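Report on the structure given below.
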Amino acid sequence: MQITIRADEGMWLTDGENYGKTISLAEGVSVDDYYEITNEQYEAIIKTEEI
Amino acid sequence: MSVTEKLTIIAQNEQKVFDAGKNAQHNHTIEIMQGNGKRTNYDGGFACWTEDLFKPKYNIKPASACYMFSRFNKDIKEIDMVEHLKKYNVTLDFSACSNFTNFMIYSYISRLGLVDTRSANAVSFYVAYRLKTIDSLILKDDGTQSFNFGMCGSLENITISGVIGQNINLGDCPLLKDSIISVINALSTSASKKTVTFKKTAINNAFGIDIDDETTYPEGSEFYNLRNSKSNWTFSFV
């Protein structure tokens, strides 16, 4: 069965490496591996990864 | 022939002579630039070139393509590389290329043909923001390559052979249905704890669903089956 988790409005889900608004978990991956960050936090992370 | 007639002929030929001189100079530049056909390190090779300047004389087979087509074509005119190279009867062969770092950053190339990346550990189309089509992307079969499709905001068409075994983020790419299927089919069946990221609207439009409403892709539906075919992968939608 596919487990899908969704970020609240204005938030992003991340496992520390990947980001998404809606995440369909692989088999064996726990919901606990993911946590929410704010949009501002996400934008700041993306900015540091840009050239 | 009178002097007047001679002067008329000279004036008529002036442009032809000028153009011939300009072409000769350009051919000389290309000869040097391509090392008389022997060049393999194309780092920055055609950076900031325009379509009018890019008239290669020899087949291009880079061993390194770092920034090779960066900011290619400042005239803000998209270029179909497949069609362009046909005009000059040359090929662009990446099969020996081990370095794709920023090779198309801010480039106006809209289409590439066959891109064989099997000599590279990292495949980067970072900020290839006008790239719409990659006819054929060949990956290694061992699934070890890393990918960067960041800010590929025009990428719709991509056909992949080989194996995707590492995280791949296509969240900026408005991929069409066949391309989404190609990506999913290429995902390694043995990878563990890896994530593929898609643009939500691309998925929704391709399959006529709403990824946030699971009733639109029930068990047995096309997208459900496709996603489930790679249940060892986490699918992220942005």
Side-chain angles (χ1 to χ4, degrees), chain A, chain B residues 67 70-71 101-102 105-106 124 126-127 129 146-148 150-151 166-172 184 187-201 203-204 209-221 223-238:
Chain A
M1 191 179 98
Q2 298 168 4
I3 297 174
T4 302
I5 53 177
R6 292 186 178 83
D8 287 337
E9 189 75 29
M11 305 292 280
W12 287 76
L13 286 163
T14 181
D15 60 357
E17 195 178 349
N18 303 285
Y19 303 85
K21 293 283 195 175
T22 301
I23 312 257
S24 171
L25 301 179
E27 282 176 354
V29 172
S30 167
V31 171
D32 296 333
D33 290 345
Y34 286 82
Y35 54 94
E36 280 189 321
I37 59 173
T38 65
N39 210 47
E40 290 72 26
Q41 286 172 311
Y42 172 72
E43 296 289 337
I45 291 165
I46 294 304
K47 242 186 172 55
T48 60
E49 291 175 2
E50 286 176 12
I51 289 184
Chain B
Y67 286 95
S70 65
R71 297 189 185 273
T101 304
N102 294 325
I105 191 167
Y106 294 113
S124 176
Y126 184 57
V127 203
Y129 65 166
S146 63
F147 305 97
N148 192 338
M151 297 174 75
Q166 306 300 318
N167 293 333
I168 181 167
N169 187 343
L170 296 155
D172 290 329
I184 294 174
L187 297 176
S188 165
T189 53
S190 59
S192 175
K193 294 191 180 297
K194 299 300 178 186
T195 299
V196 56
T197 301
F198 287 110
K199 194 177 179 75
K200 256 195 210 183
T201 53
I203 295 288
N204 291 347
I209 64 170
D210 177 354
I211 203 67
D212 288 319
D213 179 359
E214 284 161 68
T215 64
T216 63
Y217 50 103
E219 190 173 337
S221 66
F223 180 72
Y224 183 97
N225 290 342
L226 190 62
R227 188 267 173 272
N228 221 36
S229 68
K230 297 295 161 72
S231 56
N232 58 314
W233 280 77
T234 289
F235 280 53
S236 172
F237 305 99
V238 298

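Side chains included, hydrogens not; waters and symmetry mates left out as well; all remaining heavy atoms used. These numbers were taken from a predicted model, which means no experiment stands behind them. Residue numbers start from 1 in every chain, and the chains themselves are labelled A, B, ... in the order their sequence lines are given, proteins ahead of strands.
- Separation of atoms NZ (B/Lys193) and CG (A/Asp15) is listed at 9.5 Å; rounding is to 0.5 Å.
- When all heavy atoms of B/Val238 and A/Tyr19 are compared, the closest pair comes out as CG1-O, 3.7 Å.
- To the nearest 0.5 angstrom, A/Asn18 atom CG is 11.5 Å from B/Ile168 atom CD1.
- Most heavy-atom pairs under 4.5 Å with chain A, from the set B/Arg227, B/Glu219, B/Glu214: that is B/Arg227.
- Remark: the backbone N or O of A/Ala26 is paired with a side-chain donor or acceptor of B/Thr234 at under 3.5 angstrom.
- Heavy-atom distances place both the backbone and the side chain of B/Asp212 under 4.5 Å from chain A.
- Of the candidates A/Thr14, A/Leu13, A/Ile23, A/Thr22, A/Ile23 is the only one forming a side-chain contact (heavy atoms from CB on, under 4.5 Å) with B/Ser236.
- With rounding to the nearest 0.5 Å, the separation of CG in A/Leu25 from OG in B/Ser231 is 12.0 Å.
- B/Lys194 does not touch chain A: none of its heavy atoms, backbone or side chain, sits under 4.5 Å away.
- One finds the CG atom of B/Asn228 at 7.0 Å from the CD atom of A/Glu27 (value rounded to the nearest 0.5 Å).
- Of all the listed residues (A/Gly20, A/Ser24, A/Gly28), the one sharing the greatest number of non-hydrogen pairs under 4.5 Å with chain B is A/Ser24.
- Contact check for A/Thr4 versus B/Phe235: no side-chain heavy atoms found under the 4.5 Å cut-off.
- Contact of A/Tyr34 with chain B is made through the side chain alone, with heavy-atom distances under 4.5 Å.
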